[in-house]
Number of protein chains: 2
Amino acid sequence: MADLLSVAKLAGVSRATAARAFSTPDLVRDTTREKIFHAAQQLAFRPNKVAQQLRLQTTQMIGVMVPSLDNPVFAEQLQAMEVAARACGYSLIVTTSEYDASRENEIVEEMLRQRVDGLVLTVAEADKSAVLTQLHQETTPCLLVYNPPGNSGFPSVGVDNHAASEAATRYLITLGHQQIGMVAGPLLQSDRARQRYEGYCLAMQAAGLAPSPLIEMPRHTQADLKSLAPHLHGDNALSALICTNDLLAISLIGELQRAGLSVPNDLSVMGFDGIALGKYVYPSLCTVEQPRADIGRAAIHTMLNMIQGERPVLTPLPYVLRKGESVGAPTTRKTPPGISSRSVA
Amino acid sequence: MADLLSVAKLAGVSRATAARAFSTPDLVRDTTREKIFHAAQQLAFRPNKVAQQLRLQTTQMIGVMVPSLDNPVFAEQLQAMEVAARACGYSLIVTTSEYDASRENEIVEEMLRQRVDGLVLTVAEADKSAVLTQLHQETTPCLLVYNPPGNSGFPSVGVDNHAASEAATRYLITLGHQQIGMVAGPLLQSDRARQRYEGYCLAMQAAGLAPSPLIEMPRHTQADLKSLAPHLHGDNALSALICTNDLLAISLIGELQRAGLSVPNDLSVMGFDGIALGKYVYPSLCTVEQPRADIGRAAIHTMLNMIQGERPVLTPLPYVLRKGESVGAPTTRKTPPGISSRSVA
DNA sequence: CTAATCAATGAGATCGATCTCATTTCACCG
DNA sequence: CGGTGAAATGAGATCGATCTCATTGATTAG
């Protein structure tokens, strides 16, 4: 591939002048510039970014790490990030951690070697993340997405999970639900899920209701009816469920319908995240929508500011309670009316 | 950030020896190597990939362009690509074209400037893609994904859309369907969608049935019942539909159910792509599954071979006809029985 | 004891751009 | 017509690594 030097030679000027023709055209006489452009054209010259990056000590690249692209909430955020970054002349190096801490380490190390200008990460658990602890030693700016800011010491872009979950729970309570449960992936391993559970508990208590213990599913994004069955019958049968993410909610609704139950008549199901597909399934998913595209854009713009040396000022982004057909008012249960009202006490 | 030279100085050796300690440790005396590693540790030395890339004339980076990450079929493929690339020491620069030809050009140009070692692209239409035409001038290896190989002149990883669509259609015919339609996004603008329609037509004709004209939806991944309504009533009312992608199918099923129709009792709906979520919704989506993860992995491994200078040998990957609850045998229609059988002739 | 061999290291060029600083060119004015 | 300042250009250093080739030092064979 032709380099600047060969262009300069062909045009009969020095390297420096050829370089100027591209970076600061005003400093080059019109006729000279023409000659250089013409030579560049002939040689199919294409500037070498790697050389620029080395010389200018900036890569115009942002390293992005998300847990998985199989979850649309991350893919949709990434889509917006890519568009925003490109519009500002930045490229993204995209990686997935698969929720694996050792991979997180390798990935971040690799990106630092690549001298990315900034890191935008979503980690499994911000508070106890080894990789974040180590990043404090570094000068490369780092920004979290979705992870609650907590005490990780890094700025974070996302919604207030705590408040959002409270709002979701209150909404169900307003509709008349009293037996409300929450469903999550295994071990409540994601910090966001934990905050959502806490928000749920608070809202329940504020309404004088007893929060149910968390119902754990064996997988993070796929519901399993067996784990849920015990909570659907008896005195304390649930009338509404909040899932810590939309994939869990959608697959749960599918399983319930497959088992002959009606959503929302037999059970109201609410999600969390607001992935696009939730609007199109039937029943449409009632969920707390995180503005994924806004979050992605905000992450990029905040990161660019941080790269400029500014200290980020971040307010949580607004969540939207998206109503949907998967949630309705509680109906009279199959259990005798007397029992159901007694169970409320 | 500390560089090799400072490490070398601290260790009391030359640049060359310090470099060798990392790249070819055998050539360095044990005691010397220890000194160098120790110095590196003290200075928190981290090799600069940009400098390596410039010197070694390889970036170990692959440029990836997909139309959009909002469609899980691309996100799921990308997830697999990222894991496969990382396992081989490569990074991905990820971009989205948003089905925009001018963006395609900019993106590819940008990646060539970045001196990616290879390009893995999914373009809107491989046959009439300006960017592909221009890429023939370049030496950077280029591989298509999902795009049918056609006469673009580039190797391609994906399934045989033509055959897959034929198989899907035959499956519906085997179940007894005769009035089968196909639904696509606007203008049949994607080359894959066009092949799928052709496959459908062939299978219909082979069975002695008349293919219906394509039913176009105003949007690529979101169904619109109004566009479909005319085909659901009358003598030629359809009993089964194939959608050119899963998002279209899932949203269509939602719309039908919302309108009080039953899938598959009133209408069987089949998708195409095999996104993960299709398995979990109710009714589960009957679809032609493209092995998205396999495709992603194959794309990376093929590209790595191409980078080695090998000429790729590609056989289409096997699709899987995934049965699901959204398709059933045709039922007696509301229209008088005599009419429905007459309409077959 | 000297020559030959091999392991270990260093000096300097190189990758492809940009930047600083010096030098040349040019226009304009007295 | 020479001088002055601005505009245009060039020479060379630089970014951080790797590689070639030369050199040093140690070991061993003759």
Please determine whether a side-chain nitrogen of the Lys or Arg among B/Arg103 and A/Glu82 lies less than 4.0 Å from a carboxylate oxygen of the Asp or Glu. yes
Residue pairs meeting side chain to side chain donor-acceptor pair (under 3.5 Å), one or both in residues 144-156 of chain A, sequence neighbours left out, come to A/Asn147-A/Asp191
Next item on the list: Report yes if a side-chain nitrogen or oxygen of B/Thr17 is closer than 4.0 Å to either non-bridging phosphate oxygen (OP1 or OP2) of C/dT9; otherwise report no.
Entry: no
Sorted by chain and number, sequence neighbours left out, salt bridge (Lys or Arg N to Asp or Glu O under 4.0 Å) with A/Arg292 holds for A/Glu76, A/Glu289
Every protein N/O within reach of nucleotides 24-28 of chain C N/O, cut-off under 3.5 Å:
none

Side chain to side chain contact (heavy atoms under 4.5 Å, CB included) filter on A/Arg115, not counting sequence neighbours, yields A/Thr59, B/Met1, B/Arg46, B/Asn48, B/Val50
Quick note, side chain to side chain donor-acceptor pair (under 3.5 Å) partners involving residues 123-134 of chain B, not counting sequence neighbours, are B/Glu125-B/Arg194
From CD of A/Glu34 across to P of D/dA8 the rounded distance in Å is 14 Å
Rounding to the nearest 10°, end axes of the helix from C/dC1-D/dG30 to C/dG30-D/dC1 built from five pairs each make an angle of 60°
The side chain to side chain donor-acceptor pair (under 3.5 Å) partners of A/Asp26 (sequence neighbours excluded) come to none
Taken in chain and number order and not counting sequence neighbours, the residues that satisfy side chain to side chain donor-acceptor pair (under 3.5 Å) with B/Ser14 are B/Thr17
Going 5' to 3' through nucleotides 13-23 of chain C and flagging B where a protein heavy-atom sits under 4.0 Å of the base, S where only the sugar-phosphate is that close, and - otherwise, we get BBBBBBB----
For B/Gln114, the side chain to side chain donor-acceptor pair (under 3.5 Å) test, sequence neighbours excluded, returns A/Gln53
Sorted by chain and number, sequence neighbours left out, side chain to side chain donor-acceptor pair (under 3.5 Å) with A/Thr24 holds for none
- [ ] Respond yes when some side-chain nitrogen or oxygen of B/Thr32 is under 4.0 Å from OP1 or OP2 of C/dT9, and no when none is.
- [x] yes
Taken in chain and number order and not counting sequence neighbours, the residues that satisfy salt bridge (Lys or Arg N to Asp or Glu O under 4.0 Å) with A/Glu104 are none
